[in-house]
Protein chains: 2
Amino acid sequence: MIDQYETERCDQEFVHTEALQQVRNHMPREEELLDMAELFKVFGDSTRIKILYALFESELCVCDIAALLGMSQSAISHQLRVIKQAKLVKNRRDGKTIFYSLADVHVKTIIGMAKEHLEE
Amino acid sequence: MIDQYETERCDQEFVHTEALQQVRNHMPREEELLDMAELFKVFGDSTRIKILYALFESELCVCDIAALLGMSQSAISHQLRVIKQAKLVKNRRDGKTIFYSLADVHVKTIIGMAKEHLEE
DNA sequence: TAAACATATGAACAGATATTCATATGAAAG
DNA sequence: CTTTCATATGAATATCTGTTCATATGTTTA
């Protein structure tokens with residue numbers, strides 16, 4: 001693949017060639033990087049963060065979450081869909097009600113790390 | 001504060017009142033939740049993920065990164081600004097060149113957790 | 001079966017965001 | 001001090017995203 005910016009590269013490129021080669025060797029493949037960004041996008045919205053935080057404590061139904069956050073049922077349902085597609089939550093049906101709960105052990109850790117970063 | 005959706009809440013609310021109270025007690029304050037979402041937004045773009053990954057291996061100047069990712073100097077500079085505002089990288093000047101490097105120990109851990117989640 | 005209820009979904013719109021383009025800044029070299 | 005080089009920045013734009021509104025789906029109860 002031809003690099004559009006190959007030519008406009010700074011003159012001192014040869015100075016950091018070695019470092020760049022090291023970086024290239026350790027860079028994950030494109031698809032994996034896109035998947036990571038997609039995953040972080042899910043965490044990158046305060047409504048979704050609130051939903052995940054809520055589910056730390058207990059499984060909840062859609063209307064519970066809507067009431068908790070003071071938002072519409074529809075808005076919450078749309079967001080739960082996003083979170084579920086990222087495999088961060090799972091759900092179960094109980095009659096008319098659908099309960100959501102965390103699906104992954106990493107959610108708490110990821111959010112915990114972010115919290116630590118912010119507390120510095 | 002009056003909850004616009006208080007009334008449209010599902011009838012069975014009283015069933016999960018206890019769970020909701022538990023959740024409310026553990027929910028961080030609004031500002032903290034917004035800050036967490038802001039932080040994750042920074043990770044939620046593949047260009048920025050690539051930049052952070054690159055800096056795992058070595059400090060790099062702006063044009064190194066632009067060449068590595070095949071993007072314009074301006075685009076990279078704009079993104080470095082975002083990452084720096086989130087205090088994830090720091091920089092130092094050496095003559096005309098400015099070198100960027102990771103500023104935080106949590107970056108690797110956060111990205112590592114995401115990677116683990118995706119590998120399941 | 002009809003009505004009520006909990007949730008899901010599609011379309012639309014307003015607001016956010018990433019890149020480009022042009023240009024500014026700041027340092028070094030001539 | 002003028003030019004060159006590395007980087008930063010502001011404005012413009014095309015794309016993406018979160019919520020709303022209206023309505024559909026699927027379950028229970030009368």
Side-chain angles (χ1 to χ4, degrees), chain A residues 4-5 7-16 33-34 37-51 59-86 89-101, chain B residues 4-5 7-16 33-34 37-51 59-86 89-101:
Chain A
Q4 180 187 356
Y5 298 97
T7 51
E8 94 171 37
R9 188 152 59 194
C10 52
D11 290 344
Q12 59 179 212
E13 66 169 294
F14 56 87
V15 175
H16 314 130
L33 293 160
L34 290 173
E38 282 307 305
L39 178 59
F40 282 120
K41 271 180 199 160
V42 176
F43 290 93
D45 174 84
S46 63
T47 298
R48 290 191 291 264
I49 287 280
K50 286 174 193 172
I51 293 175
E59 68 169 8
L60 294 170
C61 72
V62 179
C63 72
D64 283 340
I65 300 171
L68 175 72
L69 304 187
M71 295 178 64
S72 73
Q73 175 269 320
S74 180
I76 298 302
S77 190
H78 277 294
Q79 296 296 20
L80 283 168
R81 187 168 185 265
V82 174
I83 300 175
K84 186 157 187 251
Q85 279 177 336
V89 300
K90 56 186 193 293
N91 58 17
R92 67 177 180 89
R93 179 180 276 279
D94 178 14
K96 286 177 289 190
T97 308
I98 295 182
F99 287 95
Y100 281 82
S101 57
Chain B
Q4 179 187 358
Y5 297 99
T7 50
E8 93 173 36
R9 189 154 57 194
C10 53
D11 291 345
Q12 57 180 215
E13 63 168 295
F14 54 87
V15 176
H16 315 129
L33 292 161
L34 290 173
E38 282 308 305
L39 178 60
F40 282 120
K41 270 180 200 162
V42 177
F43 290 91
D45 175 85
S46 63
T47 299
R48 290 190 292 262
I49 288 280
K50 287 173 192 171
I51 294 175
E59 68 170 7
L60 294 169
C61 71
V62 180
C63 72
D64 282 340
I65 300 172
L68 175 72
L69 304 187
M71 295 178 64
S72 72
Q73 175 269 319
S74 179
I76 299 302
S77 190
H78 277 294
Q79 295 297 19
L80 282 168
R81 187 167 185 264
V82 173
I83 300 174
K84 186 158 186 248
Q85 278 177 337
V89 299
K90 58 185 191 295
N91 57 16
R92 68 178 180 88
R93 179 181 277 276
D94 177 14
K96 285 177 286 190
T97 308
I98 295 182
F99 287 95
Y100 282 82
S101 57

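Keep in mind that this is a model prediction, so the values were computed, not measured. A note on names: the letters A, B, ... follow the listed sequences, proteins ahead of strands, and every chain is numbered from 1.
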Quiz prompt | side-chain contact (heavy atoms from CB on, under 4.5 Å) between A:Cys63 and A:Gln73, worked out | solution = CA-CA 6 Å; A:Cys63 72; A:Gln73 175 269 320; 5.7 Å; no

Self-check item: Between C:dA6 (P) and A:Leu60 (CG): distance, integer Å
Solution: 15 Å

Self-check item: Contact nearer the 5' end of DNA chain D, comparing B:Arg93 with A:Thr47
Solution: B:Arg93

Self-check item: Spacing of B:Leu34 atom CG relative to C:dA16 atom P, expressed in whole Å
Solution: 13 Å

Quiz prompt | Distance, rounded to the nearest Å, where B:Asn91 contributes CG and C:dG26 contributes C1' | solution = 14 Å

Quiz item: Of the nucleotides D:dA6, D:dT27, C:dT7, which one has an atom closest to the side chain of A:Ile98?
Solution: C:dT7

Quiz item: Are A:Arg93 and A:Phe99 close enough, and set up right, to give a side-chain contact (heavy atoms from CB on, under 4.5 Å), and what steps lead you there?
Solution: CA-CA 6 Å; A:Arg93 179 180 276 279; A:Phe99 287 95; over 6 Å; no

Quiz item: Any donor and acceptor pair, going by atom type alone, linking the side chain of A:Arg48 with main-chain N or O of A:Val42 inside 3.5 Å?
Solution: yes

Quiz item: Given atom CZ of A:Arg81 and atom P of C:dA11, what is their separation to the nearest angstrom?
Solution: 12 Å

Quiz prompt | Interatomic distance, B:Lys96 NZ vs C:dA24 P [rounded to whole Å] | solution = 20 Å

Quiz item: Is A:Tyr100 near enough to C:dA8 that one of its side-chain N or O atoms lies under 4.0 angstrom from OP1 or OP2?
Solution: yes

Quiz item: Checking A:Asp94 side chain against A:Thr97 main chain: does a donor-acceptor pair fall under 3.5 Å?
Solution: no

Quiz item: Please give, in whole Å, the distance from C:dA18 C1' to B:Lys41 NZ?
Solution: 14 Å

Self-check item: C:dT20 phosphate, OP1 or OP2, under 4.0 Å from B:Ser72 side-chain N/O
Solution: yes

Quiz item: Given that A:Gln79 and A:Asp94 both sit by DNA chain D, which one's nearest nucleotide is further toward the 5' end?
Solution: A:Gln79

Exercise. Spell out yes or no: do the side chain of B:Ser74 and the base of C:dC21 have one donor N/O and one acceptor N/O closer than 3.5 Å?
Key: yes

Exercise. Classify the side chain of A:His78 and the base of D:dT17 as holding, or not holding, a donor-acceptor pair under 3.5 Å.
Key: no

Exercise. Whole angstrom is fine here: how far is it from CG in B:Asp45 over to P in D:dT17?
Key: 10 Å

Self-check item: Full working for side-chain contact (heavy atoms from CB on, under 4.5 Å) between A:Asp64 and A:Cys61
Solution: CA-CA 5 Å; A:Asp64 283 340; A:Cys61 72; 3.4 Å; yes

Quiz item: Any side-chain N or O of A:Arg48 under 4.0 Å from OP1/OP2 of D:dG18?
Solution: yes

Practice problem: Measure from CD on A:Gln73 to P on D:dT25 and round the result to the nearest Å. | Solution: 15 Å

